[in-house]
Amino acid sequence: MTTTRIGLFPQGWWKGACDALEIDVVDLPTQSMSEASPYSANIGSRLANGQTLAPLLRDDNSSFMLDNGGTGLAFLRNLEAQTDLQMLHETAGRLLCSHFVDPLTTAFQGIGWEAAWQCLQSESWLKAVWDRAQVIELQRFGVPGVVHLPMAAPNRAYDTSPIDPAKQLQQASFVGAQNTSYFSSNASVATGSLFAGTLATALRSGSPQSTFYEAYHDWYGLGLPVAQEDDQATRLQKTIAYFNAKLFFNASLCLQNRDRYVIFLKRKMGDTFHLIGRGWDTAYGLSAQAPFPSADAYFEHFRSSAVNLNFVNGNAETGLNMRHFEITAAGGFMLCQDQPELAELFDVGRECAVFRDEVELAQKIDYYLAHPDERMEIARAGQARTLSQHMFSHRLEKILQWTGLKKLPVEYSTGNLWETCRAILPEADVVLDCGANVGQTAESLRNLYPSSEIHSFEPVREAFDSLAEKCKSIKVNPIKKAVGDKNGKAVINLTHSSEAHSLLGFEAGNPCAQWTRITGQEEIDVCTLDSWCKDNDISPKRVDLIKLDVQGSELQALHGAKELLRSARLVTLEVSFVPMYKDSPLLNEIDGFMTQNGYERAAIFPSDQPHNWGDALYAKK
């Protein structure tokens, strides 16, 4: 059905989704991380996992990596600075997609929020979050690549035969654990930490659709929101303060959304309310059955219970949990809370039933126990909806749409760009590094050619200042100019990521739109490479390597380097396969220009979005 191959970490439901869509899977191990609690994985275990995964990713040819809860976030040592860490997916040139079913503060508790925050700035990391309130708050805190992806039912064989109500063994049941110890008798909590959560809880009592972010920032002004002009340190400070203030709110949601109803029903209905899950006895002295021994027993339970109750945990403000979809996929009748996102995914009243408080909950249980035919009709409609729209294979189709994945547009080299350059060109006299940003490539070029004369071009003031500082230690000449097809002044678009600043605008709907946005403009100087070399007494014949990474303006820069292209041995540049910048050339146009000027494409290397662009290396024939 598709040539997509997904690097899959050991997660139950995504494997079934891949099988349903006939997608090839590359199994990626996480043996150095705790299977019981991957959220507790620290930097050391993620580093060990990165070292295990790195050699596998060199040859697996997967389109992207997919995990639950960020377990695919792994680290490698920066070979050029052993004290620094690099994210494995960026080093391997892969898109990482993580589906978060818990708050990100929970998912990364093992590495700390400061380190997690730095990692979350990765623009080649798609963060799919199940709760829309969490999506909005992360987006407003400036985290790139955050999208809304609801939970779903796992792909498996479900029994769709009619259920005989007379054979249903339990009147009403709930499956789920008691998850918070925040209110235990021996807990000691500072009163000041309760303030924000108490205000937000009070607001929700009258406005159930409201979120903690709205209470914290919009209603009560308890903290300053992140602003576009904030630097990373300020963003981090504001983010940490916000999520620390939210801890009590999340704990109180456990009481509001789940525990209160379990306590109420157990004391009202006694043993006729069937409770399955851990923690209820130790937290509240309530008798409960242990979790089911198998998936088959788990799904069969939803068919044997007349009324399946679903209480969302404290990790969701607006979204639906996995149980919404598991109950309905199995064919069970579901009575659940009226969550804000419920009506988007189910026809309330026809495919599930809802309650809003203890009084309505008791009334609805009595009503549906007394009306089995109506109950069965709702269960059948709910099952039809989930099986046709809410399986994890449906969610995976959405991920594939976001990533724009299809057959790889080119055959990528499995080698390394700079090692290939050195194999073709062992020594270089003059190297021109155009689009130097803060000096990432300048440093690589200096390591590649220790004795070469290297000139790095970067026009944007802030990036140039960082480049100039780095160039002092690596003995590279920084030039505060952009390169193009003519000399003069121009206005460059500044973007959320400094690596995406461009003389061109973005195409509407381009595949990078979710990761980049224009934040301002700056007037800059532009020169042609031919004129700059002439003005600086550099013979065109001395220029052996030209590197271009100028965000869609590569062809303009090449037109301004006609003299250099008569003799330059190697040209490496970023090439696009889909329109991203307005009026920017695609690979075929670049290939044609280079061929006309006596070059052939020696290799092409994958970027962090291999379906959208890559790094091409051209050698003089």
Side-chain angles (χ1 to χ4, degrees), residues 6-9 11 26 28-33 38-58 60 62-100 104-105 107-129 138 141-147 232 235-236 239 399 403 416-417 437-441 443-444 496-500 512 514-516 605-610 612-615:
I6 296 178
L8 195 63
F9 294 90
Q11 313 289 350
V26 178
L28 299 176
T30 54
Q31 65 268 27
S32 61
M33 297 172 66
Y39 296 161
S40 65
N42 58 25
I43 289 178
S45 61
R46 291 181 184 272
L47 179 59
N49 208 52
Q51 293 168 337
T52 300
L53 290 168
L56 301 178
L57 295 179
R58 293 192 189 107
D60 73 350
S62 60
S63 306
F64 69 104
M65 299 187 293
L66 176 63
D67 71 45
N68 279 333
T71 56
L73 176 65
F75 300 124
L76 291 174
R77 291 285 183 197
N78 185 341
L79 297 179
E80 297 176 358
Q82 285 293 316
T83 57
D84 295 337
L85 296 178
Q86 298 173 317
M87 285 177 280
L88 172 69
H89 70 276
E90 291 190 338
T91 303
R94 293 288 195 283
L95 173 71
L96 174 62
C97 177
S98 298
H99 187 207
F100 290 98
L104 269 65
T105 46
F108 297 116
Q109 58 188 277
I111 64 173
W113 189 235
E114 183 171 358
W117 175 254
Q118 294 178 40
C119 292
L120 289 169
Q121 306 311 307
S122 172
E123 297 182 357
S124 56
W125 186 5
L126 186 69
K127 302 95 177 172
V129 178
L138 289 169
F141 277 108
V143 178
V146 178
V147 293
Q232 285 297 334
R235 287 173 180 265
L236 175 62
T239 305
I399 291 173
T403 58
N416 175 275
L417 170 60
N437 194 240
V438 297
Q440 305 95 315
T441 302
E443 195 164 12
S444 297
H496 177 63
S497 169
S498 68
E499 296 180 6
C512 297
Q514 59 186 316
W515 294 310
T516 59
F605 304 87
S607 67
D608 55 7
Q609 289 192 46
N612 297 324
W613 75 80
D615 292 307

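- Counting all heavy atoms, side chain and backbone alike, Gly70 lies closest to Phe108 at O-CE2, 4.0 Å.
- Under the side-chain hydrogen bond (donor to acceptor under 3.5 Å, both in side chains) criterion, Thr239 pairs with no residue at all, not counting sequence neighbours.
- Taking every heavy atom of both residues into account, Leu57 and Arg94 meet most closely at O-NH2, 2.7 Å.
- Residues Phe605 and Asn416 come closest through the heavy atom pair CE2-C, 3.6 Å.
- Ala41 approaches Arg46 most closely through the heavy-atom pair O-NE, 3.6 Å.
- Here the closest heavy-atom approach between residue Lys127 and residue Leu120 is recorded as NZ-O, 2.8 Å.
- Evaluation of the side chain to side chain contact (heavy atoms under 4.5 Å, CB included) rule for Asn42 yields Ser45 as partners, not counting sequence neighbours.
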Verdict with supporting geometry, Leu104 and Leu138, side-chain contact (heavy atoms from CB on, under 4.5 Å): CA-CA 9 Å; Leu104 269 65; Leu138 289 169; 4.0 Å; yes
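- Under the rule for a ring-ring contact (aromatic ring centres under 6.0 Å, His included), Trp117 has no partner lying at least two apart in sequence or in another chain.
- In the model, Ser122 has a side-chain atom that pairs as donor or acceptor with a side-chain atom of Glu90 under 3.5 Å.
- Looking only at side-chain heavy atoms (C-beta outward), Ile6 and Val26 stay at 4.5 Å or farther from each other.
- Glu114 meets the side chain to side chain contact (heavy atoms under 4.5 Å, CB included) test with Gln118, Leu236; sequence neighbours excluded.
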Determine whether Met65 and His89 satisfy the following criterion, side-chain contact (heavy atoms from CB on, under 4.5 Å), listing intermediate values before the conclusion. CA-CA 8 Å; Met65 299 187 293; His89 70 276; 3.3 Å; yes
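- Taking the ring-ring contact (aromatic ring centres under 6.0 Å, His included) definition, one finds that Phe75 meets it with nothing, sequence neighbours left out.
- Two residues are said to be in side-chain contact when any heavy atoms from C-beta on lie closer than 4.5 Å; Ser98 and Asn68 fail this criterion.
- From Leu96, atom CG reaches atom CG of Leu126 across 8.5 Å, with rounding to the nearest 0.5 Å.
- The aromatic rings of Trp125 and Phe100 sit tilted relative to each other, their planes meeting at an angle between 30° and 60°.
- In plain terms, the two heavy atoms of Asp67 and Leu73 that are nearest each other are OD2-N, 4.2 Å.
- In this structure Thr105 satisfies the side chain to side chain contact (heavy atoms under 4.5 Å, CB included) test together with Pro103, Trp113, Phe243, sequence neighbours excluded.
- Counting heavy atoms from C-beta outward, Leu85 and Leu76 have side chains that stay 4.5 Å or more apart.
- For the pair Leu28 and Leu8, the minimum side-chain heavy-atom distance is 4.5 Å or more.
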